[in-house]
Amino acid sequence: MSDENETSILDILTKVNDNTWEVPGNYKPGMNVPGRIFVSKPLLDILEPETIDQVANVASLPGIQKYSMAMPDAHLGYGFSIGGVAAFDKEKGVISPGGVGFDINCGVRLIRSNLMEDDVRPRLADLLDSLFEAIPSGVGSKSRMRLTDEELDDVFIHGVNWAVKNGYGMKGDLSHCESNGMMPGADPSKVSIKARKRGRPQIGTLGSGNHFLEVQYVDKVYDEEAAKAFGLKEGQITFMIHCGSRGAGHQICTDHLQKLTQASKKYKIPLPDKQLACAPASSEEAQDYFKAMVCAANYAWVNRQMIMHWAREVFDEFFKAQHGDLGLDLVYDVAHNVAKLEKHMIDGEEKEVYVHRKGATRAFPAGHPEIPEDYKNIGQPVIIPGSMGTASYVLKGCPAAMELTFGSACHGAGRVMSRSSAKKELRGEEIQNELKSQGIIVRATQPSLIAEEAPEVYKSSSDVVDVVHNLGIATKVARVLPMGVVKG
DNA sequence: ATGTAC
């Protein structure tokens, strides 16, 4: 069966190099540009054939630039594949919620510390219990804090600035978030009452699915200079937070998809897939979505900020008396699901484009104006979470990203088994015990959630990372290994 | 991912 798959995929694609495969511009009628799928041969062998169709479908949207792209962790998503990158002309292009995803600004942040593995290992179980208690998790979980309507507007507009101003963080946190934790252009009047209602009680909650808070240690440094700049060294304790905009972002996406489905008809945009609903970038409908999407993006940054703040408190409670200042600095926070207006060189000219990254990480190189001062000579930290119980990677953005992928890299391991199959075929308790035997503690609200996120339902994060490393899009700086995981 | 179906 897999032989047939392989043959059909290889019949369609043209090999550009070991890690780049082209979907020819004539593969499907209506394609405006060819597709580019960045995978190694082994990852190509497990690529779902429908992903190629999704890449081709996106290539048919108006104003798309250069290529419709898919990162090495690509898999089937709503309209656009997860791992999809597409840039659209500011004037002649479109904006599409499917190119961002339901979990707007799902993303990940990494926090470093002065602690070493041996300092934490003896108290790990208690530490995880306290983190699990301090950070609400699971579907529909409610926050420890209640925002007023005015505060919710401030979160939507000012993002992490609001949090720092109110004592939930340090000034240095701002510059270490992509977009300083605050994308400009938010308009809360474009967010429905329903989305507000869902978002208000959820700020500072982890959610469910692949979202997690993980206590880790730096296992390996590949790039001494970059690791030093990022404040990372072998044996050091770090923690990582992976989550998004919860019900707020989901509702914002749902609301505007409905409006943009109508708009696609109004503007007579031919859609090979209804899930690609979109509108001309400059239209009121597209701009309304964008303004609401920015609200959700800023909400997600605050969400991760609050979780970090409470996790810092827990770490202090455990280790401050003995170790003093723990140096719990934010290394960086990246968005995985967002659309941004960026400047890119296209055919020798600088152009403004709406870059849609859905399950893809921005990976700007050294010298780019959007990189914080202390990382300016290194490149943007690119944080790639592994699946539960497996390694995560820190990379640095490199110049090839600007040439090949509109400054983008992969975002994670990428699923190979659906949630439903995983629940049927795997048992959470067994996986939890298996991880325990490897010294990894998992705290979750339900065993079935552990099954859905088992290591074997994901591709290997190291295979995925090797592709972007070998292409020179983003190169490896350090690897971190999990010690304990808090999950929804 | 998601008050995992209004």
Side-chain angles (χ1 to χ4, degrees), chain A residues 54 71 73-84 96-109 135-143 146-147 152 191-213 241-258 275 289 292-293 295-297 299-301 303-304 307 334-339 356-361 385 387-388 411-424 428 444-454 457-458 486-488:
Chain A
Q54 291 199 320
M71 295 295 123
D73 47 340
H75 58 108
L76 219 55
Y78 182 92
F80 292 59
S81 62
I82 294 159
S96 176
V100 172
F102 279 85
D103 192 2
I104 296 164
N105 191 5
C106 177
V108 59
R109 64 171 55 190
I135 292 139
S137 62
V139 178
S141 53
K142 295 275 167 69
S143 177
R146 282 301 123 92
L147 297 176
L152 182 63
V191 177
S192 69
I193 301 290
K194 206 172 172 184
R196 297 180 67 97
K197 200 178 164 192
R198 288 180 69 176
R200 241 172 61 146
Q202 290 188 324
I203 199 83
T205 63
L206 198 53
S208 185
N210 63 354
H211 292 167
F212 64 73
L213 185 155
I241 295 161
H242 180 194
C243 64
S245 49
R246 310 284 286 109
H250 194 275
Q251 190 63 47
I252 285 169
C253 181
T254 303
D255 292 339
H256 286 268
L257 262 175
Q258 204 174 8
Q275 296 184 348
Y289 163 69
M293 183 213 73
C295 291
Y299 178 101
W301 272 306
N303 193 27
R304 292 195 285 277
I307 292 170
V334 290
H336 286 161
N337 284 6
V338 82
H356 291 57
R357 296 190 183 92
K358 179 190 191 176
T361 313
S387 51
M388 185 176 58
H411 88 302
R415 217 165 238 291
V416 286
M417 195 191 289
S418 72
R419 291 179 186 284
S420 50
S421 320
K423 263 198 277 197
K424 256 182 249 165
T445 49
Q446 277 177 42
S448 65
L449 296 163
I450 300 178
E452 284 181 37
E453 296 301 321
V457 313
Y458 282 91
V486 173
K487 291 198 68 73

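Naming convention: chains lettered A, B, ... in sequence-line order (proteins, then strands); numbering from 1 in each chain.
- Phosphate contact (OP1/OP2 of dT4(B), side-chain N/O of R419(A), threshold under 4.0 Å): absent.
- K142(A) comes within contact range of no nucleotide atom at all, as no heavy-atom separation falls under 4.0 Å.
- Under a 3.5 Å cut-off, the side chain of S245(A) and the backbone N or O of I104(A) do form a donor-acceptor pair.
- Heavy atoms of G244(A) sit nowhere under 4.0 angstrom from any nucleic acid atom.
- One can place CG of D255(A) at 13 Å from P of dC6(B), the figure rounded to the nearest angstrom.
- In this structure a side-chain-to-backbone donor-acceptor pair under 3.5 Å is missing from N337(A) to N105(A).
- Atom-to-atom, CD of Q446(A) to C1' of dT4(B) comes out at 11 Å; the value is rounded to the nearest Å.
- One can place CG of L449(A) at 11 Å from C1' of dT4(B), the figure rounded to the nearest angstrom.
- Residue T254(A) is classed as having no contact, given no heavy-atom separation below 4.0 Å to the nucleic acid.
- Whole-Å rounding puts the K194(A) NZ to dT2(B) P distance at 16 Å.
- The main-chain N or O of S96(A) is found under 3.5 Å from a side-chain atom of H356(A) such that the two form a donor-acceptor pair.
- Between D103(A) atom CG and dT4(B) atom P there is a gap of 15 Å when expressed in whole angstrom units.
- Of the residues D103(A), V338(A), I82(A), the one that meets the side chain to side chain contact (heavy atoms under 4.5 Å, CB included) test with K358(A) is I82(A).
- Rounded to whole Å, the distance from CD on Q251(A) to C1' on dT2(B) is 10 Å.
- Regarding H250(A), its NE2 atom lies at a distance of 9 Å from the P atom of dT4(B), rounded to whole Å.
- Counting any heavy atom pair closer than 4.0 Å across all strands shown, E452(A) reaches no nucleic acid atom.
- If you measure from atom NE2 of H256(A) to atom P of dT2(B), you get 19 Å, rounded to the nearest angstrom.
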